[in-house]
Each structure stands twice: as structure tokens, then as C-alpha cells.
Amino acid sequence: MNNFAKAQIVCKFLPPIISQYVRNKILTFKEGEALSINFRKKAITGSQFIGNTNDFHALKFGVHGYFDWRNVILVNEILKSNKGTIVEVGANIGTETICFADIAKKQQVDVIAFEPVPANYDAIFAIKKENNLNELMIINKLVSNEIGRSFFKMPDGNESGSGFISNPISKEGFREFEVTTLNFELLDKKKSAVFAIDVEGFEFNVLLGGIDIIKKDRPFLILEVNENYLVKRGNTTIKELDTFLGELEYKSFYIDKLGLKEVDISNFKVKSNKNWICIPKEKMAIKGKLSNSIFYNALNPLINYRIL
């Protein structure tokens with residue numbers, strides 16, 4: 001029995017906060033890459049994920065049935081009381097997309113996922129086809145603050161989520177893609193409930209390009225916030241992002257190990273989990289439920305069978 005199979009068995013009934021630590025002790029990412037095993041794995045929301053252990057996003061999903069489980073839990077809780085379209089920007093190979101689509105099916109809403117990298121797009125499309133996820137629309141474009149075209153640093157090796165927009169001197173390793181914004185006709189006709197944005201430093205640019213929809217629908221915002229990437233790639237700062245969100249009357253919280261903790265820019269600290277959730281001030285009543293849902297599921301040994 002290889003260590004991938006061992007990790008699957010050992011972690012099967014462990015809560016997320018423990019199982020991810022245990023997986024790292026049994027199976028390294030380099031070992032998963034060397035094994036290069038094709039697999040199918042049931043997501044915690046029900047559908048079958050298709051992947052290969054040579055990609056570390058897929059490897060984690062192959063062991064647990066989730067990658068970033070906290071984002072899935074939050075979206076599930078949000079849609080219980082705030083129905084609407086789930087918009088994912090930077091879908092990568094679909095480790096959260098598959099769960100969002102299951103949640104959308106349950107709530108009878110749609111998912112719109114943006115992913116420019118052809119191999120990643122194909123991986124998500126295969127998952128959509130395998131599971132008949134008719135609620136899922138995949139758009140093969142970059143998203144930023146202006147419509148046009150831009151160069152994109154293609155992911156290195158098996159790091160499927162490492163690509164980013166850039167204006168390089170040398171075009172080696174880069175590819176040109178069409179760029180859209182979130183202020184587009186399809187979203188204008190729908191009500192957006194959640195924006196989940198992970199674009200390696202261009203999160204602020206994506207928000208700028210979706211400001212009309214944000215003002216119209218007041219969606220919850222789940223953002224990867226990497227201070228270094230924001231400055232070097234997005235040409236912005238944590239303070240500028242925080243000010244922008246404050247002017248839109250959003251309150252920002254770290255998505256922490258066991259719940260939500262308010263972001264204090266005056267005492268900003270880099271967290272191992274870089275994700276924030278930004279809540280419209282008029283919807284702050286749900287904050288306690290969101291925080292509790294992370295706490296209970298972090299300790300839930302049956303998360304693969306019951307999302308609280």
C-alpha cells in the first residue's frame with residue numbers, strides 16, 4: 001500500500017484541523033508528485049473530483065475530499081439565508097468549484113467560475129461533465145479592472161494555481177489572454193451572493209472591476225490577501241485594499257483556524273491562512289453563524305458525511 005492510500009485511510013474520520021497535520025506526516029507533496037496517481041474522490045459536498053497526485057491541490061483533495069474547506073463551509077452557510085450566484089475568480093483545477101456547484105444545486109442557484117489556464121479549465125470541465133453540474137458556467141478568461149487583453153505568467157510545473165497577470169519584458173513563460181471584468185451583462189441580470197477571489201495579488205483589481213455589481217448586490221467577499229503579492233504584482237497595498245472595502249461599508253475578518261477574527265490594519269499580521277471574508281455592514285448579523293460554522297466543522301470528524 002502506498003502512502004497516498006495510507007493517508008486516505010488514516011485521515012478518513014479525523015476532523016480537518018487534525019487530518020491535514022496527519023496527512024503531512026504520512027505523505028509529502030514531493031512523494032505525491034512522484035507517485036503521480038490518477039484518482040477519483042468524493043467531495044465533502046457529494047460530487048466526484050477527478051485528479052492526479054502530481055498536483056498538490058489535487059493531492060490534498062484526494063486525501064480529504066476538500067482543499068480549502070473553510071471557504072466551502074462559509075459559502076454553504078451564507079447561501080442558507082442569502083441566496084444568489086456564487087462567483088469564483090481563479091478557479092484553478094476546481095477544488096472549491098466542485099463544492100460550490102454542489103451547494104448551488106442544493107440552493108437552486110448558479111456558479112460562474114473564471115479560469116484562464118487551458119489545462120485547469122479542462123480539468124474543471126471534466127468534473128462538470130462527470131457530475132452533470134449544469135449549474136456551473138466556466139469562463140476561460142482573466143478578470144481584472146479593465147476589459148482587453150493581458151499577459152499571464154503560466155503556472156510552473158505542478159503548481160496549477162501559481163499563475164498571475166504581468167507585463168513582462170520577455171514573453172517566455174507567458175501567454176496572452178482576453179480580460180473581462182465582473183461588471184458584465186450576465187452578472188448584471190443576476191443577484192450575486194458571494195465573490196470568491198484568489199488571483200495571486202490582483203484581488204483589488206478584480207474588486208475594482210466589479211464595483212457596480214458589488215454596490216448593486218452587496219455580495220459577501222472571500223479574498224486571498226497576500227501582502228507581498230498585492231504590492232509586487234497588483235501594485236497596491238493592504239491599507240489601500242482595506243480603505244476601499246471600508247468605503248464600500250464592508251467589515252473584514254481573517255478566516256482563522258477556529259473562526260473569524262477582525263482585521264486590524266493598524267496592527268496587521270501575516271497569517272498562514274491568508275484568506276479574508278468581507279461582510280457588508282448591513283449583513284453583519286450572520287457573522288456569528290459564520291464563525292461558529294468554522295469552529296464546529298474544524299472539530300467535526302464526520303465532515304465527509306455531514307457539513308454542519
Side-chain angles (χ1 to χ4, degrees), residues 71 75 78-79 82-94 96-98 100-101 103-105 107-118 120-125 127-128 133-152 161 163-167 175-225 230 233-236 241 244-245 247-250 276-280 283:
N71 289 358
V75 170
I78 289 166
L79 261 71
N82 294 269
K83 282 194 175 184
T85 301
I86 304 166
V87 180
E88 184 183 20
V89 184
N92 194 2
I93 58 171
E96 272 74 71
T97 317
I98 186 173
F100 293 162
I103 294 167
K105 180 179 287 188
Q107 296 294 342
Q108 297 182 312
V109 297
D110 299 319
V111 177
I112 300 175
F114 293 88
E115 176 52 49
V117 178
N120 294 350
Y121 175 93
D122 291 344
I124 302 170
F125 186 82
I127 290 168
K128 172 178 175 169
L133 296 174
N134 298 321
E135 297 77 12
L136 172 61
M137 175 186 293
I138 318 163
I139 299 178
N140 192 207
K141 294 181 182 179
L142 294 169
V143 182
S144 191
N145 58 315
E146 294 181 355
I147 293 172
R149 299 188 68 82
S150 182
F151 282 97
F152 183 80
F164 57 92
I165 294 174
S166 183
N167 186 23
R175 182 167 172 176
E176 191 175 19
F177 289 98
E178 187 175 351
V179 182
T180 188
T181 74
L182 294 182
N183 288 337
F184 72 111
E185 186 178 3
L186 183 60
L187 279 184
D188 193 44
K189 293 179 179 178
K190 296 176 178 287
K191 179 183 180 296
S192 298
V194 182
F195 284 176
I197 306 172
D198 181 352
V199 287
E200 304 296 301
F202 275 77
E203 289 75 15
F204 183 44
N205 305 64
V206 173
L207 293 174
L208 283 174
I211 195 165
D212 292 345
I213 303 299
I214 292 171
K215 289 179 177 178
K216 176 177 77 74
D217 294 339
R218 307 292 286 160
F220 290 75
L221 310 173
I222 297 175
L223 313 173
E224 184 187 63
V225 181
L230 280 173
R233 297 175 180 174
N235 196 30
T236 189
L241 174 62
F244 173 80
L245 293 166
E247 289 173 349
L248 288 172
E249 297 192 310
Y250 275 79
W276 293 8
I277 183 167
C278 308
I279 305 174
K283 299 178 182 178

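Everything numeric here is computed off the predicted structure, so don't read it as measured data. Along the sequence shown, residues carry numbers from 1.
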So CD of E88 and CZ of F100: to nearest 0.5 Å the spacing works out to 5.0 Å

Please report the C-alpha distance between V111 and E135 in whole Å, then the side-chain angles of each, then the deciding distance to 0.1 Å, and finally whether the side-chain contact (heavy atoms from CB on, under 4.5 Å) criterion is met. CA-CA 6 Å; V111 177; E135 297 77 12; 5.5 Å; no

Sequence-distant partners of I213, side chain to side chain contact (heavy atoms under 4.5 Å, CB included), two or more places apart: N183, L187, D188, S192, F195, K216, D217

Please check if atom CZ in F125 has more than 12 non-hydrogen atoms from other residues, nucleotides or ligands closer than 6.0 Å. no

Can you name the residues that form a salt bridge (charged side-chain N to carboxylate O under 4.0 Å, His left out) with K190, not counting sequence neighbours? D110

Start with the C-alpha gap between V206 and N145, add the side-chain angles, then the distance that decides, and say whether side-chain contact (heavy atoms from CB on, under 4.5 Å) holds. CA-CA 5 Å; V206 173; N145 58 315; over 6 Å; no

Does some side-chain heavy atom of I222 sit less than 4.5 Å from a side-chain heavy atom of W276? no

Identify the heavy atoms of R218 and E249 that sit nearest to each other, and give their distance. NH2-O, 3.2 Å

Under 3.5 Å, is there a donor-acceptor pair between the E96 and N71 side chains? no

Distance (rounded to the nearest 0.5 Å) between L136 CG and I86 CD1: 10.0 Å

Kindly check if the number of other-residue, nucleotide or ligand heavy atoms within 6.0 Å of CG (N235) is above 12? no

Test V194 against every option in L221, N82, I78, I103 by the side chain to side chain contact (heavy atoms under 4.5 Å, CB included) rule and name the one that passes. I78

